[in-house]
Colleague: 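Please read through the structure below; I'll follow up with questions.
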Amino acid sequence: MLSLRNYDVKFVKGIGPSRAEILAKELGIRTAYDLLRHFPASYIDRSRTYNIRSLQQSEANDFVSVQLRGRFVSFNTVGEGAKMRLVGLFSDGTATLECVWFRALRNIRSQLRAGEEYVLFGKPSRFNGQLQMTHPEVDTPRAAEESGGVRAVYPLTDNLRKRNIGSRLLHSVILSFLKSLRHKLTDPLPPSTLSSLGLMELDTAIRTIHQPSDSQSLQKARERLKFEELFYIQVDMLRRSRKRKDEIQGCLMPHIGQWFNNFYYQCLPFPLTGAQKRVIKEIRADIISGRQMNRLVQGDVGSGKTLVALVAMLLAVDNGYQACLMAPTEILATQHWQTINDMTAKIGLRVELLTGSTKAKQRRVIDEGLRDGTIHILVGTHALIEDRVEFARLGLAVVDEQHRFGVAQRARLWSKSIIPPHILVMTATPIPRTLAMTVYGDLDVSVIDELPPGRKPVVTLLRYDNARGSVVQSVKKQLEQGHQVYIVYPLVEENEKLDLRSVEEGFETAQSIYAPYKVAMVHGRMKPTEKDAQMSLFVSGQASVLVATTVIEVGVNVPSATTMIIENAERFGLSQLHQLRGRVGRGADRSYCILMTKYQIAAETRKRLELMTSTTDGFVIAEADMSMRGPGDIEGTMQSGLPFDLKIANLAQDGQIIQLARRASETLLDADPDLSMPENARFAQALKLISNRTVDWSQIS
Ligand code: ADP
Ligand code: MG
């Protein structure tokens, strides 16, 4: 197969230079290799012929593409100018149907003859009671037979269609190219992997996927091709991570000293949960190993990740290192800083805050404290990774709510120290395990799968707009008990103005109906200082109601907030709803999340909202989210980090194959760590070709 990578697609029979150019531009197909790996998006079944009469009797919107066999009775050109069209009346003996062409009229007219037998293929529609088919595919019975059975439909673009490059052309070009090959396509997969997993050979798989004979073999072909894509990724990541573990030295942190002990015995306001203890042990095993830690801590909202991070940072300080904690927003960084300061007040740790709005004078104090090592922990936003920030001995960097940080930004933390610091990434977006395996293939994963005791799960209710009156009553009841309430509005960028208005209106309404309780408001259009001022009104309890857009989504901790109203809940994704809901239920009181929506919502949306009312388990929600709309956000950020675009595998749906690929890559690398065995040479070379296009994964935490 490798030589096909050097085979320019313009030399493939039926393509030529001008089509090659447009294929490259539209689909990135440059070589024969690319062409053979342009996989069908679906297949159509041409094995069955329908009759027109039966179509007349079925509901118009049930129509799928169908095959008909019959003769044209007449042709007429109707209309003028741009509206001119060719109408052919087609009869199969049971009834008639109109075929309509809007383009290439003359061409089509000259090719078709009334009275002769043809096979049509297309999607019927009903127009003024008459059955129609626009731009059907027309074949002679013989041609139809030859390409009969199951036929591939390829992903195409409008520009390709305009240039008359359609599925049929691609299909016949690919099939005849495959026929012309004198040798089997060479299979890059290691023979041991192929045989132990019983995978279909590449040659068979490629031929089958372009022209399947039955659905079972198609299934096997797809599996094999998906496996191959995912296997490259897994081997690549596993090899790099093993290599890094071997080569890169990590800061050694063997001691448990006064900082940790004093904190643990004097400051800790509650016992750690079992899950927190376990994760701390996992972190400790990393930092005493002499290797660099790269660990992802996943924990549902409210599971107490901050405390785990703090303990890890104290261990770093105990060993003479500094630590930093990076958060995605100023509000969150400030809150972390306050929490850590409060919790460690008794032991005299020096914790500083650095954000974009830190004043110049204070910055100088911080710069100095970092360089002379008197600052133990630095908390902050992106400001932390600016070049001018220099630590004396940075040993641990914690990144909170990781999904807001780009991969490149995390990588910059590395440059802060001669020995790369240990990296702890904390995320509240539970990523399904299989996805984590792919996108964080070289991170070790810890899971905090237990909430602190006494938490009552948030009661989630779906309410339609007509129930607003009773919702207002229950909010008032909460306020009377001294609790706080969030009211959240969606903010969708396409229509920022409208959204802004709904937040502002919501703010005014809330002020009038909840008076005398004070109402604060935050949205993305405010200046940071203004936002912070409003936010701190709510955090400090001066304001009882916070009307907000999703800016509050991440991390904020206000334990006496017991109710969250989410307006237009239908406009939020599942993960986002889960994140939002995580803002309540943080104290001992029973909390509520009320999803407000109009009555008319799509079935899919209703399913989503009902799932929210039935579970608070972030992992269940994340899995559902992925399977309902694809890996979405998570994948969006991460795909960019994958070594190549996935053509056939789907991170959301192919969990089992990902696991298979993971295990197979372990087996392979256990036996042949640097892929130097002759039987793996072909695979090693294919992998190299792929990773040449890749960003350097070893720099990504
Ligand atoms: P998240 O994992 O969402 O970042 P936080 O770290 O903000 O969660 O913790 C949520 C709340 O739970 C905080 O108020 C924190 O003080 C509290 N908390 C953390 N660990 C425990 C524990 N072991 N027992 C009781 N409360 C805890
Ligand atoms: Mg948090």
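Just follow the structure's listing: the first ligand is 1, and inside any ligand the first atom is 1. We're numbering straight along the sequence, starting at 1.
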Colleague: P559 to ligand 1: N or O pair under 3.5 Å?
Modeller: no
Colleague: Would you mind telling me if ligand 1 is within reach of the side chain of L272, the backbone, both or neither, using heavy atoms under 4.0 Å?
Modeller: backbone
Colleague: If we ignore hydrogens and angles and just use 3.5 Å, is the side chain of K346 paired with the main-chain N or O of Q266 as donor and acceptor?
Modeller: yes
Colleague: Any non-hydrogen atom of G299 lying under 4.0 Å from ligand 1?
Modeller: no
Colleague: Can you confirm whether R284 is buried at CZ, in the sense that more than 12 heavy atoms of other residues, nucleotides or ligands lie under 6.0 Å from that atom?
Modeller: yes
Colleague: Going by the closest heavy atom to atom 1 (P) of ligand 1, which one wins out of H336, Q579, K277, K305?
Modeller: K305
Colleague: Are the side chain of Q298 and the backbone N or O of V447 linked by a donor-acceptor pair below 3.5 Å?
Modeller: no
Colleague: Got a salt bridge between R388 and D367, using NZ or NE/NH1/NH2 to carboxylate O under 4.0 Å?
Modeller: yes
Colleague: Could you pull out all residues at least two apart from H483 that satisfy ring pair (Phe, Tyr, Trp, His ring centres under 6.0 Å)?
Modeller: none
Colleague: Counting neighbours of CD on Q258 that are heavy atoms of other residues, nucleotides or ligands and sit closer than 6.0 Å, is the number greater than 12?
Modeller: yes
Colleague: Counting heavy atoms only, which part of P271 comes closer than 4.0 Å to ligand 1: side chain, backbone, both or neither?
Modeller: backbone
Colleague: Report, in ascending order of atom number, the atoms of ligand 1 lying under 4.0 Å from any heavy atom of T306.
Modeller: 4 (O), 5 (P), 6 (O), 7 (O)
Colleague: Between G304 and ligand 1, does any nitrogen or oxygen pair lie at a separation below 3.5 Å?
Modeller: yes
Colleague: Can you name the side chain to side chain donor-acceptor pair (under 3.5 Å) partners of S540, sequence neighbours left out?
Modeller: Q542
Colleague: Quick check on contacts: which atoms of ligand 1 are under 4.0 angstrom from a heavy atom of R586?
Modeller: 3 (O), 7 (O), 10 (C)
Colleague: Examine the proximity of ligand 1 to M426 and report which part, side chain or backbone, both or neither, has a heavy atom under 4.0 Å away.
Modeller: neither
Colleague: Using a strict 4.0 Å cut-off to heavy atoms of T273, name the atoms of ligand 1 that fall inside it.
Modeller: 23 (N)
